[in-house]
Novice: 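The structure's right below; bear with me while I get my questions together.
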2 protein chains.
Amino acid sequence: MPRPREFEPDAVLNAAMLRFWERGYRAVSVEDLVKATGVKPGSLYSAFPGGKRALFLKSLERYSKLVVPQKLGELEAPGASVDEIRGYFDGLVRDLLSPEGRQGCLLVNTAIENAAEDDEAAAVVRGHLARLERCMTHALENAARRGRVRASLDCSGSAKLLVATCQGLMVVGKANPEEALLRAIVDNAFAALA
Amino acid sequence: MPRPREFEPDAVLNAAMLRFWERGYRAVSVEDLVKATGVKPGSLYSAFPGGKRALFLKSLERYSKLVVPQKLGELEAPGASVDEIRGYFDGLVRDLLSPEGRQGCLLVNTAIENAAEDDEAAAVVRGHLARLERCMTHALENAARRGRVRASLDCSGSAKLLVATCQGLMVVGKANPEEALLRAIVDNAFAALA
DNA sequence: ATTGTTCTTGAATGGTCGTTCATGTATTTT
DNA sequence: AAAATACATGAACGACCATTCAAGAACAAT
């Protein structure tokens with residue numbers, strides 16, 4: 001009986017995610033979202049109860065499920081090793097240097113902008129960091145088994161360090177997107193593993 | 001002839017800096033600043049032409065001149081070496097774990113929140129990163145001369161990595177202020193130098 | 001064709017934003 | 001004592017904020 005929806009909620013969520021990604025939670029107004037999606041306030045609020053913040057939290061989850069796996073790529077494969085870590089870092093550098101990728105990582109931005117005042121957002125960020133650390137640890141263990149890193153390497157600890165390094169890479173890259181600088185960071189991070 | 005000021009502009013600027021530090025630029029309203037300083041809008045705007053944003057930029061500079069040197073401590077001394085780098089990192093961890101220090105670093109927060117849309121703010125951040133890198137490079141060179149790090153170490157590149165590491169430390173610490181995690185990051189960053 | 005249900009629309013809400021300005025006040029010089 | 005000057009006050013500004021809601025519209029079932 002009901003009248004059918006005229007828009008795709010997933011498409012709306014995607015547009016919202018992109019806005020939050022490039023401008024941050026506070027900088028995006030509902031009017032911005034209305035313009036970006038073509039969906040009027042009333043419909044937005046009925047499709048996403050909880051309004052702007054709910055849309056933001058759903059954006060974080062969507063980012064985790066859709067964008068992150070694409071960036072992680074082979075690093076999440078069971079056989080991942082040093083090359084896959086390297087590939088991930090190279091991808092980060094490439095993104096930071098490209099005009100579209102300068103927005104960095106939505107979850108890093110959220111850690112800084114919202115983690116202190118929004119526990120739910122912080123939880124999503126923590127989940128992301130844990131996932132990243134898991135990948136890195138696993139890849140380092142594979143690498144150790146294959147003799148691609150020094151035998152004395154603390155895989156779990158080094159994974160934590162690598163996670164911090166890529167967060168730092170994004171902070172540096174956001175303020176100072178210079179290829180030589182970013183490459184030096186990545187190169188030296190890897191020199192430490194050998 | 002004129003009526004004298006009833007407030008200390010430096011004290012006002014300090015209060016503003018603290019607010020921006022803990023909540024971010026967008027999250028702080030002028031009304032917040034009025035409440036925090038006791039100075040009414042009219043006086044605020046006449047003492048700080050340019051309003052909120054000027055106050056923010058001045059806060060960044062004040063932070064650079066007053067807070068940063070205190071955190072850097074001996075690391076800026078000519079004779080600084082590994083121990084001073086370590087001291088700096090330990091201080092960061094201590095701060096991130098303390099209730100007052102969870103706000104992280106104003107300049108890191110600014111890199112994420114404002115660098116993309118505010119060139120002047122980004123320039124201050126870049127200056128800070130350059131200063132940090134200069135300290136680190138100098139300390140590593142001292143350390144190399146004294147045999148405290150491996151001879152093959154690329155001081156300039158490792159300094160860049162250490163800068164990124166402490167930015168990353170602050171991102172991780174903001175979302176997940178766990179001592180064991182932060183210590184592991186620092187320990188492994190130093191293991192890479194030996 | 002009518003009814004029931006959900007959706008769309010866009011104006012309106014009350015609140016807050018950053019900023020300005022007219023008025024009154026305190027102080028120093030004349 | 002009076003004039004001149006800079007400051008303090010806080011109400012008022014228009015703009016924008018997130019959100020709500022009354023009205024009309026589109027479809028499915030009858």
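Keep in mind it's a predicted model, so treat the numbers as computed, not measured.
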Novice: Check whether B/Asn114 reaches the backbone of B/Ala121 with its side chain - one donor and one acceptor, N or O, closer than 3.5 Å.
Specialist: no

Novice: Determine the contact category for A/Phe48: base if any of its heavy atoms lies under 4.0 Å from a base atom, sugar-phosphate if only primed atoms, P, OP1 or OP2 are that close, otherwise nothing.
Specialist: nothing

Novice: Report the distance from atom NZ of A/Lys35 to atom P of D/dA18, rounded to the nearest whole Å.
Specialist: 12 Å

Novice: Roughly how many Å is it from NZ in A/Lys40 to P in D/dG24, rounded to a whole number?
Specialist: 19 Å

Novice: Grab the CG-C1' distance between A/Asp32 and D/dC17 for me, whole Å please.
Specialist: 11 Å

Novice: Would you mind checking if B/Glu117 and B/Arg26 are paired as a salt bridge, meaning a charged N to carboxylate O distance below 4.0 Å?
Specialist: yes

Novice: What does the list of N/O pairs under 3.5 Å between the protein and nucleotides 18-22 of chain C look like, with a distance for each?
Specialist:
unit_1: C/dG18; atom_1: OP1; unit_2: B/Val28; atom_2: O; d: 3.3
unit_1: C/dG18; atom_1: OP1; unit_2: B/Lys52; atom_2: NZ; d: 2.6
unit_1: C/dG18; atom_1: OP2; unit_2: B/Val30; atom_2: N; d: 2.7
unit_1: C/dT19; atom_1: OP2; unit_2: B/Tyr45; atom_2: OH; d: 2.5
unit_1: C/dT19; atom_1: OP2; unit_2: B/Lys52; atom_2: N; d: 3.0
unit_1: C/dT19; atom_1: O5'; unit_2: B/Tyr45; atom_2: OH; d: 3.2

Novice: Whether A/Lys52 and A/Asp32 form a salt bridge (side-chain N of Lys/Arg under 4.0 Å from carboxylate O of Asp/Glu) is what I want to check.
Specialist: no

Novice: Nearest to the side chain of A/Arg3, heavy atoms from C-beta on, is which of C/dT9, D/dA25, C/dG24?
Specialist: D/dA25

Novice: Taking ring-ring contact (aromatic ring centres under 6.0 Å, His included) as the test, write out the residues that go with B/Tyr45, two or more places apart.
Specialist: none

Novice: To check you understand the geometry: which heavy-atom pair defines the closest contact between A/Gly168 and B/Gln167, and what is its length?
Specialist: CA-CB, 3.9 Å

Novice: Any donor-acceptor pair under 3.5 Å linking the side chain of A/Asn109 with the backbone of A/Gln103?
Specialist: yes

Novice: Give the rounded distance in Å between these two atoms: CD of B/Glu6 and C1' of D/dT9.
Specialist: 10 Å

Novice: When you check the gap from the basic side-chain N to the acidic O, do B/Arg5 and B/Glu8 get nearer than 4.0 Å?
Specialist: no

Novice: Measure the acute angle between the ring planes of A/Phe56 and A/Phe20, then classify it against the limits of 30° and 60° as parallel, tilted or perpendicular.
Specialist: perpendicular

Novice: Distances under 3.5 Å between protein N/O atoms and the N/O atoms of nucleotides 28-30 of chain D, please, pair by pair.
Specialist:
unit_1: D/dA28; atom_1: O4'; unit_2: A/Met1; atom_2: N; d: 3.1

Novice: Mapping B/Pro4 and A/Arg5 to their closest nucleotides on DNA chain C, which lands nearer the 5' end?
Specialist: A/Arg5

